[in-house]
**Q** 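For reference, the structure I am asking about is given below.
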2 protein chains.
Amino acid sequence: MDINNTLNEVLVKLFRNINTIEEKAVREGEHRDITMNDMHVMEAIGLETAKNMTSVARTLEVTTGTLTIAVNSLVKKGYVDRSRSEEDRRVVLISLSEKGRKAFLAHRKFHEDMIDAVVAELTEEEQRVLEKALIKLHAFFRETY
Amino acid sequence: MDINNTLNEVLVKLFRNINTIEEKAVREGEHRDITMNDMHVMEAIGLETAKNMTSVARTLEVTTGTLTIAVNSLVKKGYVDRSRSEEDRRVVLISLSEKGRKAFLAHRKFHEDMIDAVVAELTEEEQRVLEKALIKLHAFFRETY
DNA sequence: AAAAAATAGTTTGAACGTCAAATAATTTGA
DNA sequence: TCAAATTATTTGACGTTCAAACTATTTTTT
């Protein structure tokens with residue numbers, strides 16, 4: 001019962017705060033003109049080869065219309081490059097510009113630091129247990145909801 | 001290094017999923033006309049005595065202007081009662097209506113059920129480690145930002 | 001090959017959430 | 001008393017989201 005309370009409390013607070021905090025981290029960094037949403041879009045585009053709109057929209061679970069608006073803004077701000085595919089001229093290819101890559105990597109570093117801070121306090125054994133627990137949780141959520 | 005990657009990935013996905021799930025739970029419940037944001041406002045108002053706009057806005061970390069708009073909608077939908085304070089006529093007092101209380105309690109129950117279901121999936125050791133990790137994560141955020 | 005259907009993206013209109021700055025009403029304090 | 005502070009609302013702007021209408025292109029059917 002006690003652990004349930006702690007879990008509930010921590011989870012609730014974490015969830016409520018995590019977006020705000022991450023947003024702040026993004027805004028206080030070198031690239032202040034990107035929103036958290038922009039960052040999610042950039043993460044979905046990734047560092048690899050250019051992706052088309054539909055696949056990125058599917059990753060983000062938003063409509064392509066929504067993604068078009070986000071990409072318009074990212075292109076205007078210089079974080080994303082957009083071009084037509086030559087093979088299929090319906091397709092629009094998007095990829096991170098140099099600036100976009102830099103922002104992406106800075107954000108990834110923030111995430112890594114966060115994980116390091118958490119893991120630093122745990123023994124190897126505990127780390128393994130935590131990993132197992134989280135994977136279980138994730139599976140549980142996917143199955144149940 | 002590998003375990004860190006897994007942790008990061010699972011944590012990110014978990015957080016993203018839980019938000020979606022919670023939103024769905026709210027929308028599919030008895031009170032379908034409330035948004036997740038509405039629910040947060042109601043949680044900040046709480047079941048106790050009426051609160052003024054400024055204190056609730058501070059709890060939510062939004063401006064009073066933002067809160068005014070949210071409360072307008074909640075009053076219109078019948079979840080929140082709004083009245084002027086008699087002692088200080090600048091102050092607006094807000095509290096949950098009966099309908100608001102019902103929605104609040106239903107949401108709380110959802111949370112409790114979710115946590116119960118999650119904890120049931122884990123061994124005692126996993127529970128202990130998870131709790132420790134989450135508290136550490138929360139501390140990281142509080143300290144860093 | 002022409003017509004129909006499918007696919008990929010964009011645009012539009014509406015709703016919500018947010019802020020900063022301007023405004024209005026009231027209370028406090030010098 | 002009257003200037004300053006406090007409390008809340010309004011306004012204007014921007015960001016996020018969706019569904020539905022639309023455009024352009026490719027694929028399939030007849």
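What you see is a predicted model, and the numbers here were worked out from it, not measured in a lab. Lettering of chains follows the sequences in order, A, B, ..., and the numbering in each one begins at 1. What you see below is based on every heavy atom in this structure, not just the backbone, and it leaves out hydrogens, waters and symmetry mates.
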**Q** Side chains of residues 46-53 of chain A: which donor-acceptor pairs under 3.5 Å do they make with residues two or more places apart or in other chains?
**A**
unit_1, atom_1, unit_2, atom_2, d
A:K51, NZ, A:I45, O, 3.0
A:N52, OD1, A:S55, N, 3.0
A:N52, OD1, A:S55, OG, 2.8

**Q** With sequence neighbours left out, write down each residue that passes side-chain hydrogen bond (donor to acceptor under 3.5 Å, both in side chains) with A:E125, or none if nothing qualifies.
**A** A:R128

**Q** Are B:V75 and B:V91 joined in one hydrophobic group, where the rule is that I, L, V, M, F, W and Y side chains link up if heavy atoms are under 4.5 Å apart?
**A** no

**Q** Can you tell me how far C1' of D:dA19 sits from CG of A:L67, to the nearest Å?
**A** 16 Å

**Q** Using a cutoff of under 3.5 Å, can you pull out all pairs of nitrogen or oxygen atoms linking the protein to nucleotides 2-4 of chain C, with atom names and distances?
**A**
none

**Q** Using the test side-chain hydrogen bond (donor to acceptor under 3.5 Å, both in side chains), find all partners of B:K136 that sit at least two apart in sequence or belong to another chain.
**A** none

**Q** If I take atom NE2 from residue B:H111 and atom CD from residue B:E22, how far apart are they, to the nearest 0.5 angstrom?
**A** 3.5 Å

**Q** Could you check how far CE of A:M36 sits from P of D:dT17, rounded to whole Å?
**A** 12 Å

**Q** Distance from A:M42 atom CE to A:I94 atom CD1, nearest 0.5 Å?
**A** 11.5 Å

**Q** Write down the protein N/O and nucleotide N/O pairs, taken from nucleotides 1-7 of chain D, whose separation is under 3.5 Å; answer none if there are no such pairs.
**A**
unit_1, atom_1, unit_2, atom_2, d
D:dT6, O2, B:R90, NH1, 3.0

**Q** To the nearest Å, how far apart are A:R58 CZ and C:dT7 C1'?
**A** 12 Å

**Q** Can you name the residues that form a salt bridge (Lys or Arg N to Asp or Glu O under 4.0 Å) with A:D88, not counting sequence neighbours?
**A** A:R90

**Q** When clusters are formed from ILVMFWY side-chain contacts under 4.5 Å, directly or step by step, what else is grouped with A:I69?
**A** none

**Q** Rounding to a whole Å, what distance do you find between B:I94:CD1 and D:dA8:P?
**A** 8 Å

**Q** Can you run down the ring-ring contact (aromatic ring centres under 6.0 Å, His included) pairs that involve residues 39-59 of chain A, sequence neighbours left out, and say none if there aren't any?
**A** none

**Q** By a strict heavy-atom criterion of less than 4.0 Å, which residues belonging to residues 72-87 of chain B are in contact with DNA chain D?
**A** B:R82

**Q** Side chain to side chain contact (heavy atoms under 4.5 Å, CB included) between B:F110 and B:V26: does it pass, once the steps are laid out?
**A** CA-CA 9 Å; B:F110 164 81; B:V26 167; over 6 Å; no

**Q** According to the salt bridge (charged side-chain N to carboxylate O under 4.0 Å, His left out) rule, which pairs have a member within residues 71-82 of chain A, sequence neighbours left out?
**A** A:D38-A:K77

**Q** Roughly, in whole Å, what's the span from CG in B:D38 to C1' in C:dC16?
**A** 10 Å

**Q** Taking only N/O atoms, report every protein-nucleotides 18-20 of chain C pair under 3.5 Å with atom names and distance.
**A**
unit_1, atom_1, unit_2, atom_2, d
C:dT18, OP2, B:N37, OD1, 3.2
C:dT18, OP2, B:N37, ND2, 3.3
C:dC19, OP2, B:T63, N, 3.2
C:dC19, OP2, B:T66, OG1, 2.7

**Q** So, using salt bridge (Lys or Arg N to Asp or Glu O under 4.0 Å) as the criterion, who are the partners of A:R89 when residues are at least two apart?
**A** none

**Q** Select base, sugar-phosphate, or nothing to describe what A:T35 touches, counting heavy atoms under 4.0 Å on all strands.
**A** sugar-phosphate

**Q** Under a single-linkage definition using a 4.5 Å side-chain heavy-atom cutoff for Ile, Leu, Val, Met, Phe, Trp and Tyr, are A:L93 and A:L60 assigned to the same hydrophobic cluster?
**A** no

